[in-house]
Amino acid sequence: MSIVVVNEVLDSSRSKGSARVLMIVLAEQAGEDGLCWPGLTRLARRVNTTERNIQLITRDLEDMGELIVDYGSGRGNTNLYRVIPEATANRLIQDLTEQLERVKNSAERVKLSALLERVKLSAERVKLFDERVKPSAKRVKPASPEPLR
């Protein structure tokens with residue numbers, strides 16, 4: 001468990017409602033790198049929702065860029081989750097870049113490079129999500145329904 005990741009979720013995650021609760025539950029179980037692999041049943045029980053809703057929320061969080069999921073890659077074929085709200089993403093990009101500079105093994109370099117690209121892409125998604133949400137909020141105009149005649 002990493003209190004650092006929990007605090008980063010609480011401070012910088014843009015998720016709301018059940019998605020935010022899921023992010024906190026995942027962050028509770030994650031290490032400093034934001035990595036964890038709880039089962040769907042456990043997540044559904046902790047978030048107090050259904051397994052199907054966890055799957056839907058997970059996809060939404062992936063679209064927002066705050067979560068990376070490797071399906072079936074965790075222990076016991078569970079999903080492998082990487083919790084990366086904005087603050088964690090920035091820290092993780094820096095750590096991965098430093099690790100990449102130190103690693104000599106080509107197979108490990110390829111793995112680290114791929115992970116670094118996924119984290120950078122996720123961080124970019126967070127920025128794009130912000131830009132996509134803000135303009136749409138400006139376009140919404142309150143309107144009353146047409147009166148019945």
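Keep in mind that the numbers below use all heavy atoms, side chains included, and drop hydrogens, waters and symmetry copies. For the single chain, residues carry numbers from 1 onward in sequence order.
- Between Ile54 atom CD1 and Asn79 atom CG the span is 11.0 Å, to the nearest 0.5 Å.
- With contacts defined as side-chain heavy-atom distances shorter than 4.5 Å, the pair Thr41/Glu51 qualifies.
- Considering every non-hydrogen atom in both Pro38 and Thr78, the closest pair reads O-CB, 4.2 Å.
- In terms of heavy-atom proximity, Arg82 sits nearest to Asp33 at NH1-O, 3.1 Å.
- No continuous path of ILVMFWY side-chain contacts below 4.5 Å connects Val25 to Leu35, so the two sit in separate hydrophobic clusters.
- Look at Lys16 and Asp60 and you find no salt bridge, because none of the NZ, NE, NH1 or NH2 atoms lies under 4.0 Å from a carboxylate O.
- Pairing each heavy atom of Val9 with each of Arg20, the nearest pair is O-NH2, 3.5 Å.
- Around CG of Asp11, the count of heavy atoms belonging to other residues, nucleotides or ligands within 6.0 Å exceeds 12.
- Summarising the geometry of Ser18 relative to Ile57, their closest heavy-atom pair is CB-CD1, 3.6 Å, with the distance given to 0.1 Å.
- Hydrophobic clustering (side-chain heavy atoms under 4.5 Å, transitive across Ile, Leu, Val, Met, Phe, Trp, Tyr) keeps Val110 apart from Leu121.
- The OG atom of Ser13 sits 11.0 Å away from the CD atom of Glu8 when rounded to the nearest 0.5 Å.
- Side-chain contact between Val83 and Glu66 is absent, with no heavy-atom pair separated by less than 4.5 Å.
- Contact annotation: the side chain of Leu67 approaches that of Tyr81 to within less than 4.5 Å [non-hydrogen atoms, C-beta and beyond].
- Residues Tyr71 and Leu40 share a single hydrophobic cluster, defined by chaining ILVMFWY side chains whose heavy atoms lie under 4.5 Å apart.
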Hey, mind stepping through Val69 and Leu80 against side-chain contact (heavy atoms from CB on, under 4.5 Å) and telling me if it holds? CA-CA 6 Å; Val69 183; Leu80 189 62; over 6 Å; no

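- The only member of Asn53, Thr58, Leu26 that meets side chain to side chain contact (heavy atoms under 4.5 Å, CB included) when paired with Leu43 is Leu26.
- Checked by atom type, the side-chain pair Gln99/Arg102 shows no donor-acceptor distance below 3.5 Å.
- Within the hydrophobic cluster formed by Ile, Leu, Val, Met, Phe, Trp and Tyr side chains joined at under 4.5 Å, directly or through other members, Leu92 is accompanied by Ile68, Ile84, Ile93, Leu96, Leu100, Val103, Leu112, Leu115, Leu116, Val119.
- Pairing each heavy atom of Pro85 with each of Met23, the nearest pair is CD-CE, 4.3 Å.
- Residues Leu61 and Val47 share a hydrophobic cluster, clusters being chains of Ile/Leu/Val/Met/Phe/Trp/Tyr side chains in contact below 4.5 Å.
- Arg46 has its side chain within reach of Gln29: a pair of non-hydrogen atoms, C-beta onward, lies under 4.5 Å apart.
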